[in-house]
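What follows is a short report on a single structure.
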2 protein chains.
Amino acid sequence: MTQDTPAADTTRDRVLSTSASLFCRYGYAGVSMRKIAQCCDMKAGSLYYHFASKDQILVEVLNLGIEKVHAAVAAVLRVDASPADRLRGAIAAHLHALLEYSSFTSANVRIFRQVPVPVRDSTLEVRRGYEALWDGFLGELKAGGHLRDDVDIRSFRLMLIGALNATLEWFDPELGDVSELADRYADMLANGIFAERGT
Amino acid sequence: MTQDTPAADTTRDRVLSTSASLFCRYGYAGVSMRKIAQCCDMKAGSLYYHFASKDQILVEVLNLGIEKVHAAVAAVLRVDASPADRLRGAIAAHLHALLEYSSFTSANVRIFRQVPVPVRDSTLEVRRGYEALWDGFLGELKAGGHLRDDVDIRSFRLMLIGALNATLEWFDPELGDVSELADRYADMLANGIFAERGT
DNA sequence: CGTTTTACCTAACGGACGTTAGGCAGGCAT
DNA sequence: ATGCCTGCCTAACGTCCGTTAGGTAAAACG
């Protein structure tokens with residue numbers, strides 16, 4: 001019944017990691033302290049030695065989810081490359097964080113909207129930081145004349161991140177290659193799917 | 001506390017409609033029979049006159065969600081128009097069904113992956129029918145030479161529907177115009193966002 | 001008018017929930 | 001050796017869960 005994602009040496013980290021995958025799969029209300037504890041080979045009461053409440057676990061899981069994907073994308077964007085390559089790389093980084101590295105980012109995507117409002121609000125700042133990272137990058141591209149003049153950056157960012165996050169619903173990293181997926185998405189988004197461009 | 005979406009004359013329909021919006025907001029496990037009943041001005045036990053179990057409500061909500069969006073998109077695709085207009089229209093139909101008409105489609109998108117496996121399986125067939133509707137349309141476009149040869153229809157359909165469904169996370173139909181949103185999405189997806197097409 | 005059916009109710013069942021209080025074993029410093 | 005701190009445990013609290021059994025008032029029907 002021990003169901004954890006990657007390496008997690010300390011008990012506290014193991015609880016967070018386990019909670020993330022459970023939240024991701026069963027939703028916020030569908031995961032009990034007893035189930036989290038059971039998956040960590042503990043008893044429910046012991047969780048309160050590390051965390052004050054279920055909601056505190058939740059807040060930490062949600063924030064870690066954004067922080068991890070933020071760090072991965074930011075690292076890619078720091079290196080110099082062509083606009084197409086940077087877009088490809090940033091998309092690949094987001095997808096790897098979402099689909100492979102851990103369940104924190106996927107848990108955030110899945111349960112963000114069904115979490116109690118105070119919890120959601122306390123994670124908004126971290127979230128906005130990630131949005132700003134993308135807007136900055138896309139703004140650079142536009143300033144450099146690499147984007148169509150008539151595409152709105154915010155609209156595209158929302159569509160892009162939405163499309164990436166939605167892969168969670170169907171993509172299985174054991175069956176497909178995340179990097180290939182990223183390349184396909186980057187190509188379709190950058191160049192469109194129509195044979196000829198028109199209005 | 002009466003929280004229902006649109007017109008729903010019979011009690012049974014009102015229960016389904018109410019359940020859909022509650023499931024959408026709070027997740028599957030986050031909605032109790034007592035809360036559903038309360039929002040319908042009933043007592044929990046009375047729900048069992050209309051439905052055998054919570055899971056039966058869930059199955060009907062999930063299936064209605066797909067059936068409604070399927071009907072809306074199919075109606076649009078029946079009329080003759082240019083490829084760009086048909087794509088725009090189909091996207092608009094999906095978005096209207098998702099964001100405006102009722103909570104059934106949005107509930108499906110939000111909770112499909114956190115529902116008990118038997119329930120999920122019993123709604124797979126309806127889901128596949130909707131995917132086939134899109135694949136048929138996109139196949140026509142490709143056969144007519146309107147799509148780039150190197151875009152994979154299944155990949156694009158997954159990206160497209162994912163992007164559309166993800167609007168649920170941020171778009172508020174009281175603040176923005178769904179048809180405008182559809183136009184922007186259709187344009188970005190059809191033509192891409194880069195100033196010049198490249199590899 | 002009597003009877004059946006419809007659509008709801010109340011009350012309760014066993015169990016799971018988040019959380020807390022108090023205990024206990026082992027490592028640490030003094 | 002003694003006492004504190006860490007990290008877990010058990011047991012219980014009050015509440016809520018899905019579901020069921022049995023009742024009741026009104027409408028529909030013969």
Side-chain angles (χ1 to χ4, degrees), chain A residues 1-4 7-62 107 111 114-120 122, chain B residues 1-4 7-62 107 111 114-120 122:
Chain A
M1 194 51 69
T2 319
Q3 172 186 342
D4 48 5
D9 40 357
T10 81
T11 298
R12 203 189 135 88
D13 290 346
R14 202 172 70 247
V15 170
L16 285 173
S17 180
T18 301
S19 303
S21 34
L22 289 173
F23 283 142
C24 183
R25 169 67 184 81
Y26 298 104
Y28 164 63
V31 177
S32 64
M33 295 298 270
R34 285 169 175 85
K35 194 180 288 185
I36 294 173
Q38 186 188 331
C39 291
C40 294
D41 298 312
M42 301 173 67
K43 297 305 160 86
S46 312
L47 293 172
Y48 289 83
Y49 177 78
H50 300 280
F51 303 93
S53 67
K54 184 182 175 186
D55 280 1
Q56 194 203 324
I57 297 181
L58 185 58
V59 169
E60 297 203 26
V61 165
L62 291 177
I111 67 174
Q114 64 181 243
V115 133
V117 175
V119 172
R120 200 161 64 202
S122 74
Chain B
M1 193 53 66
T2 319
Q3 169 185 345
D4 47 6
D9 40 357
T10 80
T11 298
R12 204 188 135 87
D13 291 344
R14 203 172 70 246
V15 170
L16 285 174
S17 180
T18 302
S19 303
S21 34
L22 289 174
F23 282 142
C24 184
R25 170 66 184 83
Y26 298 105
Y28 165 64
V31 177
S32 64
M33 295 298 271
R34 284 169 174 85
K35 193 180 289 186
I36 294 173
Q38 186 188 334
C39 291
C40 294
D41 298 312
M42 301 174 63
K43 297 304 160 85
S46 312
L47 293 173
Y48 289 84
Y49 177 78
H50 300 280
F51 303 93
S53 67
K54 184 182 175 184
D55 280 1
Q56 194 203 325
I57 298 181
L58 186 58
V59 169
E60 296 203 27
V61 165
L62 291 177
I111 68 174
Q114 64 183 242
V115 133
V117 175
V119 172
R120 199 162 66 202
S122 74

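Quick note on labels: first sequence line is chain A, next is B, and so on, each numbered from 1. This one's a predicted model, so the numbers in the text were calculated from it and none came from an experiment.
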Min and max contacting nt of DNA chain D in 5' to 3' order, chain A heavy atoms within under 4.0 angstrom, are D:dT6 to D:dA12

For the [atom1] atom of [X] and the [atom2] atom of [Y], what is their distance to the nearest 0.5 Å?
X: A:Arg14; Y: A:Ser19; atom1: CZ; atom2: OG; answer: 11.0 Å
X: A:Gln114; Y: A:Ile111; atom1: CD; atom2: CD1; answer: 6.5 Å
X: B:Cys40; Y: B:Lys35; atom1: SG; atom2: NZ; answer: 13.0 Å

For B:Ala107 against B:Ala20, the heavy-atom pair lying closest together: CB-O, 3.4 Å

Check side-chain contact (heavy atoms from CB on, under 4.5 Å) between A:Ser46 and all other residues, then give those that pass, not counting sequence neighbours. A:Met42, A:Lys43

Quick check: does any side chain N or O of B:Ser17 sit under 3.5 Å from a backbone N or O of B:Asp13, one acting as donor and the other as acceptor? no

Can a donor-acceptor pair be found, under 3.5 Å and without considering hydrogens, that links the side chain of A:Ser122 to the backbone of A:Val119? yes

List, one per line, each side-chain donor-acceptor pair under 3.5 Å for residues 47-59 of chain A, sequence neighbours excluded.
{"residue": "A:Ser53", "atom": "OG", "partner": "A:Asp55", "partner atom": "N", "Å": "3.4"}
{"residue": "A:Ser53", "atom": "OG", "partner": "A:Gln56", "partner atom": "N", "Å": "3.2"}
{"residue": "A:Lys54", "atom": "NZ", "partner": "A:Tyr28", "partner atom": "O", "Å": "3.2"}
{"residue": "A:Lys54", "atom": "NZ", "partner": "A:Val31", "partner atom": "O", "Å": "2.7"}
{"residue": "A:Asp55", "atom": "OD1", "partner": "A:Tyr28", "partner atom": "OH", "Å": "2.7"}
{"residue": "A:Gln56", "atom": "OE1", "partner": "A:Ala52", "partner atom": "N", "Å": "2.7"}
{"residue": "A:Gln56", "atom": "NE2", "partner": "A:Glu60", "partner atom": "OE2", "Å": "2.9"}

To the nearest 10 degrees, how far apart in direction are the end axes of the helix from C:dC1-D:dG30 to C:dT30-D:dA1, each fit to five base pairs? 0°

Output one line per pair: protein atom, nucleotide atom from nucleotides 13-15 of chain C, and distance, for all N/O pairs under 3.5 Å.
none

Which residues in residues 42-52 of chain A have at least one heavy atom lying under 4.0 Å from any atom of DNA chain D? A:Met42, A:Lys43, A:Ser46, A:Tyr49, A:His50

